[in-house]
Amino acid sequence: MNLRPEPLAYELSAPGRCGAALPEPDVPETALPEGLLRDDLPLPEIDELTAVRHFTRLSQKNYSIDTEFYPLGSCTMKYNPKANEAAASLPGWRTTHPLAGAEFSQGALELMYRLQAMLVEIGGFKAASLQPAAGAHGELAGVLMIRKWHRDRGDLKRVKMLIPDSAHGTNPATCSMVGFETVTIPSDADGGVDLAALAAALDDTVAGIMITNPSTLGLFERNIEKIAKLVHDAGGLVYGDGANLNAITGIFRPGDAGIDVMHFNLHKTFSTPHGGGGPGSGMVAAGERLADYLPGPIAVKKDGRFDMAMPKAGIGRLKAFHGNFGVLVRAYTYIRMLGAPGLRRLAETAVLNANYLKAKVEKVYPLKYGRGCMHEFVAMGNFVEGVHTLDIAKRLIDYGFHPPTIYFPLIVPEALMIEPTETETRETLDAFADALLKIAEEARTEPELLHSAPHVTPVGRLDEVAAARCPILCYRG
Amino acid sequence: MNLRPEPLAYELSAPGRCGAALPEPDVPETALPEGLLRDDLPLPEIDELTAVRHFTRLSQKNYSIDTEFYPLGSCTMKYNPKANEAAASLPGWRTTHPLAGAEFSQGALELMYRLQAMLVEIGGFKAASLQPAAGAHGELAGVLMIRKWHRDRGDLKRVKMLIPDSAHGTNPATCSMVGFETVTIPSDADGGVDLAALAAALDDTVAGIMITNPSTLGLFERNIEKIAKLVHDAGGLVYGDGANLNAITGIFRPGDAGIDVMHFNLHKTFSTPHGGGGPGSGMVAAGERLADYLPGPIAVKKDGRFDMAMPKAGIGRLKAFHGNFGVLVRAYTYIRMLGAPGLRRLAETAVLNANYLKAKVEKVYPLKYGRGCMHEFVAMGNFVEGVHTLDIAKRLIDYGFHPPTIYFPLIVPEALMIEPTETETRETLDAFADALLKIAEEARTEPELLHSAPHVTPVGRLDEVAAARCPILCYRG
Amino acid sequence: MPFIPNTDSDRSRMLAVIGKPSVESLFGDIPEKLRYPELDLPPALSEMEILREIEALAAKNLSSSTCAWFLGAGAYNHFIPSLVPAIASRGEFLSAYTPYQPEVSQGTLQAIFEYQSMAGSLFGVEAMNASHYDGATALAEAVLMAARNAPGRETVVLPAALHPEYKEVIRTYLEPLDVKIREYAGTPAAAAASLDPSAACLVAAYPDFEGRVHDLSGVADAVHAAGALLVVHADPILLGLFKSPGELGADIVTAEGQALGNAMNYGGPFLGMMGAASKYVRKMPGRIAGQASDAEGRRGFVLTLSAREQHIRREKALSNICSNQGLVMLQACIYLATLGKNGLRKVAELCWHKAHYAAAEIAKLPGFSVTKDIFFKEFLVKTPVPAQSIYDKLSRRCVVPGLPLSRYWPDRTHELLVCVTEMNTKEQIDLLAASLKEASK
Amino acid sequence: MPFIPNTDSDRSRMLAVIGKPSVESLFGDIPEKLRYPELDLPPALSEMEILREIEALAAKNLSSSTCAWFLGAGAYNHFIPSLVPAIASRGEFLSAYTPYQPEVSQGTLQAIFEYQSMAGSLFGVEAMNASHYDGATALAEAVLMAARNAPGRETVVLPAALHPEYKEVIRTYLEPLDVKIREYAGTPAAAAASLDPSAACLVAAYPDFEGRVHDLSGVADAVHAAGALLVVHADPILLGLFKSPGELGADIVTAEGQALGNAMNYGGPFLGMMGAASKYVRKMPGRIAGQASDAEGRRGFVLTLSAREQHIRREKALSNICSNQGLVMLQACIYLATLGKNGLRKVAELCWHKAHYAAAEIAKLPGFSVTKDIFFKEFLVKTPVPAQSIYDKLSRRCVVPGLPLSRYWPDRTHELLVCVTEMNTKEQIDLLAASLKEASK
Ligand SMILES: Cc1ncc(COP(=O)(O)O)c(C=O)c1O
Ligand SMILES: Cc1ncc(COP(=O)(O)O)c(C=O)c1O
């Protein structure tokens with residue numbers, strides 16, 4: 001961790017400097033259009049070394065997968081093989097234009113076509129679209145598909161979407177974007193969907209349910225088939241939030257259990273580094289009912305040639321061009337390196353690692369739901385009066401670990417949501433468990449250590465309330 | 001700076017792990033030859049993430065140009081444009097074989113041919129060879145050339161080489177490698193070669209002189225033409241150590257002043273990152289007298305096609321294949337980005353920066369030779385009783401600067417040899433000067449701060465004496 | 001498996017700690033008949049095998065690095081300084097998550113803040129967010145934001161000459177809502193003058209899809225007078241030279257930021273840019289970084305105003321966006337800082353001069369005519385023979401002449417949208433002109 | 001100039017501090033008539049221009065990534081895991097100097113120590129140095145070291161089947177010294193048995209230039225009995241499978257380490273590897289890292305035994321080497337750690353199996369015959385028509401069949417040295433066989 005304060009690029013600026021040389025025009029010049037030009041372009045003026053040093057030093061102020069264990073629950077922070085990066089950054093991709101035309105893009109189209117087929121097979125679906133740029137975008141696709149399906153059948157009154165109370169925030173937010181009303185379904189004592197509540201909520205105004213399986217509690221929804229049947233019987237459709245696919249690749253296919261449409265977070269399960277926020281891919285796959293409703297275009301094959309085509313009853317286009325292509329290359333590379341046995345080994349190891357960590361800490365960190373977890377588990381950090389999950393999280397930083405996801409899911413008080421992923425060694429899990437246990441000890445003996453944590457970072461806890469009250473969102477000179 | 005101890009790769013090993021997948025044989029297998037095989041291959045067994053994390057964390061324990069000011073005298077630690085790296089790592093180079101044959105290597109040969117021509121022009125010589133892999137290798141080439149020149153003329157008694165006392169250690173070491181005896185020529189009061197001593201040393205056993213200009217004192221040898229004439233008149237030849245070319249590109253051509261052969265440190269002046277030790281290129285260029293004696297092969301052009309050929313009376317081959325080709329690509333890229341005016345601007349700025357720093361600190365850090373410096377200057381760190389140059393160097397680390405070269409050149413006591421290079425901003429130079437002045441203050445007021453420095457690194461000063469007495473050179477389990 | 005490190009012996013030891021007999025037994029919650037399906041997937045490949053395969057696929061596309069390239073239309077062949085990918089690919093940036101823990105994410109957070117600052121300078125607004133999926137979704141979300149801002153108003157007014165794929169995306173986003181889309185054919189000024197009270201916003205494209213740079217002065221006043229918001233979708237490279245949307249009174253700005261240091265990459269990942277006048281910041285979707293202090297007064301950066309976002313507000317959030325285009329934004333950030341004030345202006349000037357030279361050369365060709373409107377780097381050419389046939393012929397010889405408009409409008413058969421950037425040499429432009437001439441014979 | 005940041009206004013301010021009127025006045029020590037020569041150099045190019053030019057040059061060479069590649073002879077087409085260049089190109093490794101200040105160089109120093117450890121394991125010796133310029137110079141320095149070790153002995157004994165360029169380099173290095181070179185044609189065992197007392201060392205190539213893997217057991221004893229040292233020059237990939245030189249009693253070991261994670265790169269930068277039995281460590285040239293402790297007992301690493309080196313001992317140093325091949329060594333270090341025990345053995349096995357399959361296929365071709373000796377990945381083929389003509393014909397069709405020996409021995413016109421590595425697929429091997437057959441018709 002680089003502890004020195006790093007000025008802003010603007011603060012490193014000096015008049016007349018520039019970090020890149022550009023050629024002089026090699027053509028006769030044309031007069032610029034008076035009246036339309038700007039007077040000033042207030043950007044920094046820095047040289048190439050200053051730029052390199054500035055951003056390199058900034059990078060040194062991050063924890064990352066490549067440097068630290070990063071067990072963020074629900075985020076599947078796995079190691080992303082460097083082969084993915086090599087594959088995605090080949091000059092042949094970087095210099096390919098999305099509108100070059102099918103004749104001139106056969107390599108890109110073939111990759112997309114094959115990836116669609118593999119994802120359909122892995123999820124147990126019928127067809128897929130690689131359009132959506134992230135999980136939430138895939139949710140938007142899926143919910144629009146469900147909406148259109150009902151409307152195409154003349155069923156205009158289905159405006160409600162059922163959402164379990166453990167769901168990720170994107171689920172209800174997506175529903176609002178398409179004008180659906182959300183109905184929250186409580187969890188039962190076991191952390192699953194409360195079937196009675198579900199049954200009670202189902203009527204002919206319900207468009208469907210959005211279900212995450214394994215759930216954000218890290219639990220497999222044992223009643224998944226029953227739930228799908230209940231919803232289907234009530235005329236609704238089932239949306240699968242596939243963000244947690246990492247627990248079940250090669251072991252369980254959501255489509256087999258009656259999910260009608262699901263997004264895959266390719267950037268999680270299929271390994272694109274998260275880039276400090278993105279990009280991702282939330283491609284959607286659909287079963288029998290919704291296959292024709294996918295967003296498009298999707299890759300197709302005709303007479304041995306690849307092309308793009310819009311699905312018959314599709315909801316249309318969700319972004320310009322063909323999805324986050326670079327992420328697709330990574331997913332393709334990754335899946336090809338694993339094959340079916342590798343996918344199974346992946347999920348098995350992810351689940352084994354989570355259960356192992358859980359077993360090591362659950363005597364000290366209480367769980368709300370005790371049963372065997374899948375790829376992640378949710379513990380609670382409120383076992384010592386006056387010490388909070390936040391304090392534990394910050395103290396983990398001192399031990400060289402990125403904190404888990406905290407205070408989510410909302411239904412577990414003081415939640416610590418821990419997802420180790422399959423790419424971590426047993427030794428790393430041991431070290432992390434040791435740190436958690438040590439911190440629990442410190443919580444009792446030296447709580448101040450936790451309250452004042454972290455101690456090894458360039459800044460301490462920042463005043464987020466003040467920052468939001470009077471926001472400073474850009475450099476003001 | 002990553003302060004956490006990082007285990008050795010061996011200490012991260014666990015049986016059965018491997019960081020790279022390899023395919024199964026796709027051919028019928030052939031029995032392995034019994035009796036010739038090893039029983040055990042005691043290498044670490046680590047997975048891909050562990051490897052990435054291990055080496056990434058190790059990298060975080062270095063200061064480097066890309067992160068800190070690194071004013072190592074005599075080393076020309078300038079910023080290396082990232083375009084150099086992009087150019088050198090093009091797949092077309094990486095996958096090119098040195099023995100593919102001229103017909104199949106025209107791009108590589110053309111680049112070498114053009115680079116030779118540009119370097120000859122910059123240095124004022126007649127011909128060049130890109131064979132040598134580093135400065136010292138270039139010295140070996142040059143001294144062998146001088147030796148052969150004399151012997152080819154039947155002059156077998158010239159076995160002495162004159163070397164100023166300020167010379168880099170590679171100069172005398174090179175002479176020993178070719179069986180020459182070295183005679184040290186003292187510096188005069190002004191830091192130049194003592195002409196009287198030189199004249200006295202010259203006789204018919206002298207093969208030549210190795211002269212560094214600007215010298216390692218950062219001073220231009222004003223008598224360079226006189227020196228060359230004296231040596232030539234005595235039947236000797238003049239070797240130029242071109243390591244300090246950064247001070248004079250586009251301003252002075254050593255060949256014009258009578259240097260017969262010179263090595264260029266392409267990795268310094270022409271900007272290949274130093275890679276924690278190398279690789280470099282010490283290509284040699286020669287004037288009229290020695291052009292036919294160059295090591296080979298060198299790139300030639302015949303009927304519009306490029307090829308390699310051995311110089312007529314050449315000393316032979318110095319390494320396999322064609323020099324450190326990757327370094328040559330960087331040098332070529334760099335020179336083409338600068339052009340002649342850029343080369344002059346480079347040297348001017350390097351010299352200006354050094355004189356500016358010198359002006360800022362010389363009142364406090366005494367100089368042995370007061371005159372205007374070239375690209376670097378040598379100060380002394382012994383101005384406070386009980387505080388040494390080493391202490392000042394280590395304390396600079398606490399301020400976020402890499403120390404200068406220390407205790408070299410040998411003729412300046414407690415030397416601090418500072419070379420800022422042209423790629424640093426005035427602001428960085430100011431900050432460094434401020435730190436030096438602050439440390440001088442601390443040396444008086446809080447010397448303990450200096451003695452115990454550095455304080456911000458993963459380890460403190462290491463016991464080098466113990467390490468050499470009882471060397472541990474590999475992991476022992 | 002190199003990236004699934006735990007071995008069978010690790011498994012046994014771990015199962016013993018858990019107290020389970022087998023890995024399979026961890027999956028008991030999965031309905032048995034659905035467990036362990038046979039997957040029909042190609043066999044696993046090692047790294048060297050898959051890279052060989054992907055290299056072969058990557059080589060099967062037309063490449064801007066080996067062609068004279070004049071195709072833009074939303075994805076641009078601009079210069080990318082080598083330092084941009086070199087730095088952005090550092091593991092600490094590449095493999096970090098969204099910066100939810102600010103103390104160990106100051107690298108990402110400060111980079112977002114710097115991006116917001118520089119992009120804000122470029123667009124002339126104080127508040128930018130940390131990215132959307134691409135230019136099209138940014139614009140769609142901007143239109144949603146404008147519509148939300150004026151609940152009674154049911155139309156959004158788009159230029160007919162908006163990128164057709166952007167229009168499709170806006171249609172997809174708006175379809176479920178009670179908002180209607182209207183298109184205008186003339187100038188934004190004319191459209192603004194005739195806005196009716198149902199309009200929530202007017203969108204101006206700067207330049208529009210056909211390359212025209214409309215004079216936007218006065219447009220904001222007219223739009224505001226009609227009670228609507230002005231949304232300007234701009235080419236960020238154009239803003240190196242032309243007046244900023246903020247200076248022209250835009251309320252919301254959006255852009256496709258790919259041109260700022262990101263490769264064309266078959267169309268993604270790209271960078272949706274969005275900003276707004278500061279009074280609208282709490283109505284703007286997307287992540288935002290803000291400045292903050294710690295207890296010792298040290299400056300740091302945090303994600304802020306998160307009460308707008310889905311993870312806090314769930315169904316009341318302004319958008320469902322969660323993962324965004326962080327790394328692409330980082331590349332734009334490094335690009336903007338590296339080129340800076342002087343470099344970006346120079347890029348824009350080069351585009352201007354070269355495009356105008358190309359237009360002049362093409363205008364000389366028999367049968368060709370070139371737009372008379374003000375343009376920046378892209379312009380419309382009328383061709384004497386079908387543009388698609390020119391495209392096919394020339395592209396096969398590695399001169400990619402532009403976009404035949406028939407791709408989007410089947411009846412616009414004789415129009416070619418030509419894009420010229422700083423990457424095109426005079427030699428290439430002359431080759432284009434010569435090739436067009438030949439292909440039209 | 002992007003990498004010469006100080007502007008003219010900076011210059012003025014700095015000159016004022018220095019108290020000089022102009023930048024030119026700083027160069028007053030340079031003889032006036034020699035100052036500011038006119039340089040005849042091509043005009044400066046911007047980054048995008050020079051990269052375009054270099055890309056064009058790079059494309060003008062035969063590439064192993066688009067050909068079936070069977071040419072080795074000292075530069076090998078082995079698999080490089082993507083992580084190797086990804087990590088080694090990190091600025092902190094790439095742009096650091098030789099680690100003279102250990103506190104701020106632990107990254108480089110620990111990497112050297114790990115390299116020494118792993119290379120030592122591979123070669124079966126305790127002491128490795130941190131690199132030489134390449135395999136040829138490493139071997140030349142090893143021979144010098146052996147000669148220095150036995151001042152009275154004036155010959156060094158080399159295999160006739162040593163890489164011809166290595167022999168040239170050794171000749172260049174030894175020429176000024178009173179050391180003679182003798183070559184032996186048979187096996188190292190035979191040569192060892194007939195060593196005379198003038199021999200300072202016997203060099204064994206493992207395998208030799210023609211691909212033969214000689215049984216080295218007993219050789220060391222015979223060499224030592226003759227009072228000489230045994231120097232073994234080995235292929236490090238072969239050592240994934242075969243007995244290590246150290247185990248076989250070698251006193252000094254050398255190698256070309258390019259195959260360990262470094263590209264062929266037109267022959268450089270490569271990696272000279274050198275190691276020795278521990279009793280010779282103080283006689284070994286080159287930089288060496290060693291373990292050390294600080295005052296608090298923390299483990300760290302330093303450059304050690306520097307009393308052997310030029311910067312301390314000047315004319316008494318063991319070698320003049322200063323800059324070495326640090327970054328190439330780092331790549332080898334990362335490669336060795338990543339492949340490790342299991343991976344390296346697998347690479348070696350793949351080479352073995354594929355090379356032997358290829359040899360068997362070629363042996364079936366009419367007019368071709370294949371060596372009967374034990375070989376590893378490279379083997380000699382007798383061709384029915386001149387090998388050079390086969391090479392030219394096939395290479396133009398992107399099947400690069402190996403090295404025609406006539407390149408080094410004009411009279412060996414019908415011999416081809418074929419190299420097969422883990423990178424060659426069965427398909428490529430079959431293509432090679434078919435192409436050889438066709439070309440020999
Ligand atoms: C369960 C769940 N659903 C949906 C999402 C949204 O995915 P994205 O961030 O790619 O939009 C996430 C991401 O955190 C998630 O964890
Ligand atoms: C003056 C001088 N001469 C020669 C050399 C040797 O160059 P290299 O390290 O490339 O062998 C150096 C390197 O430090 C030097 O500074």
Side-chain angles (χ1 to χ4, degrees), chain A residues 9 18-20 22 25-27 30 42-43 51 55 58-59 61-66 83 87 90 92 94-96 98 104 107-108 133-134 136 169 172-174 176 178 220 273-280 316-317 320-321 324-325 339-340 356 359 425-426 457 459-460 462 467 472 474-475, chain C residues 10 14 18 29 39 41 44 47 54 57-58 60-65 87 90-92 94-96 103-104 106-108 117 120-121 133 136 165 168 172 176 263 266-269 290-292 294 300 310-311 314-315 317 320 322-327 337-338 340-342 346 353 356-357 426:
Chain A
C18 181
L22 289 154
D26 56 355
V27 296
T30 302
L43 291 178
F55 288 106
L58 279 187
S59 78
K61 292 172 183 282
N62 272 0
Y63 272 14
S64 69
I65 279 289
D66 280 8
L90 286 169
R94 293 173 54 77
T95 56
T96 298
F104 302 103
T174 301
S176 301
V178 305
F220 192 87
H274 213 279
R317 178 178 277 286
F321 312 128
N324 273 341
F325 183 75
Y356 179 69
T425 61
R426 184 174 51 77
T457 50
V459 291
L462 293 159
I472 303 177
C474 61
Y475 173 72
Chain C
D10 291 318
M14 293 165 75
I18 302 170
D29 283 345
L39 292 190
L41 292 175
E47 179 174 340
I54 303 251
L57 286 173
K60 282 199 219 163
N61 309 288
L62 208 57
S63 158
S64 64
S65 77
I87 303 290
R90 286 175 55 80
E92 297 92 323
L94 188 69
S95 73
E103 300 89 342
V104 288
Q106 285 299 303
T108 297
S117 301
S121 296
Y133 305 135
E165 300 199 6
E168 288 182 53
T172 306
Y266 201 55
Q291 188 174 313
D294 72 5
Q310 48 74 26
H311 64 286
R314 301 179 72 85
E315 67 277 1
N320 70 343
C322 179
S323 288
N324 58 20
Q325 303 287 113
L327 194 71
T338 300
K341 181 195 187 82
N342 307 307
K346 200 137 187 201
H353 293 306
H356 286 78
Y357 171 73
K426 175 166 181 300

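Predicted model, so just to flag it, every value in this text is computed and none were measured. All chains are named by letter (A, B, ...) in the order of the sequence lines, taking the proteins before the strands, and each is independently numbered beginning at 1.
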What option among [options] has the most heavy-atom pairs under 4.5 Å with chain C?
| options | result |
| --- | --- |
| A:Pro279, A:Gly339, A:Ala359, A:Gly92 | A:Pro279 |
| A:Gly280, A:Gly19, A:Pro98, A:Ala20 | A:Pro98 |
| A:Ala133, A:Gly316, A:Gly276 | A:Gly276 |

If you take all heavy atoms of [X] and [Y], which pair is closest and at what distance?
| X | Y | value |
| --- | --- | --- |
| A:Tyr63 | C:Ala96 | O-CB, 3.5 Å |
| C:Ala292 | A:Ala467 | CB-CB, 3.9 Å |
| C:Tyr133 | A:Ala134 | CE2-CB, 3.6 Å |
| C:Asn320 | A:Ala136 | ND2-O, 2.8 Å |
| A:Ala340 | C:Leu39 | CB-CB, 3.9 Å |
| C:Asn61 | A:Thr96 | CB-OG1, 3.4 Å |

With a 4.5 Å cut-off on heavy-atom pairs, point out which of [options] contacts chain A the most.
| options | result |
| --- | --- |
| C:Gln291, C:Lys426, C:Met14 | C:Met14 |
| C:Glu165, C:Lys60, C:Glu168, C:Gln106 | C:Glu165 |
| C:Lys346, C:His356, C:Glu103 | C:Glu103 |
| C:Ala317, C:Gly340, C:Gly290 | C:Gly340 |
| C:Pro269, C:Gly300, C:Ala263 | C:Pro269 |

Quick one: do the C:Ser95 and A:His274 side chains pair a donor with an acceptor below 3.5 Å?
-> no
Okay, side chain of [X], backbone of [Y]: is any donor-acceptor separation there less than 3.5 Å?
| X | Y | value |
| --- | --- | --- |
| C:Thr172 | A:Arg317 | yes |
| A:Asp66 | C:Glu92 | no |
| C:Asn342 | A:Cys18 | no |
| C:Ser121 | A:Pro42 | yes |

For [X], is it the side chain, the backbone, both or neither that has a heavy atom under 4.5 Å from a heavy atom of chain A?
| X | value |
| --- | --- |
| C:Ala337 | both |
| C:Ala136 | side chain |
| C:Ile87 | side chain |

Side chain, backbone, both or neither of A:Leu90 within contact of chain C (heavy atoms, under 4.5 Å) | side chain
Quick one: what part of A:Ala51 sits under 4.5 Å from any heavy atom of chain C, side chain, backbone, both or neither?
-> side chain
CG on A:Leu462 to CG on C:Asp294, rounded to 0.5 Å | 5.5 Å
Full working for side chain to side chain contact (heavy atoms under 4.5 Å, CB included) between C:Gln325 and A:Asn324 = CA-CA 10 Å; C:Gln325 303 287 113; A:Asn324 273 341; 3.1 Å; yes
Note, A:Asp26 side chain near C:His353 side chain (heavy atom, < 4.5 Å) = no
A:Thr457 vs C:Val104 side-chain heavy atoms within contact, under 4.5 Å | yes
Verify side-chain hydrogen bond (donor to acceptor under 3.5 Å, both in side chains) between A:Ser59 and C:Arg90, making sure each step is shown before the conclusion.
-> CA-CA 7 Å; A:Ser59 78; C:Arg90 286 175 55 80; 2.8 Å; yes
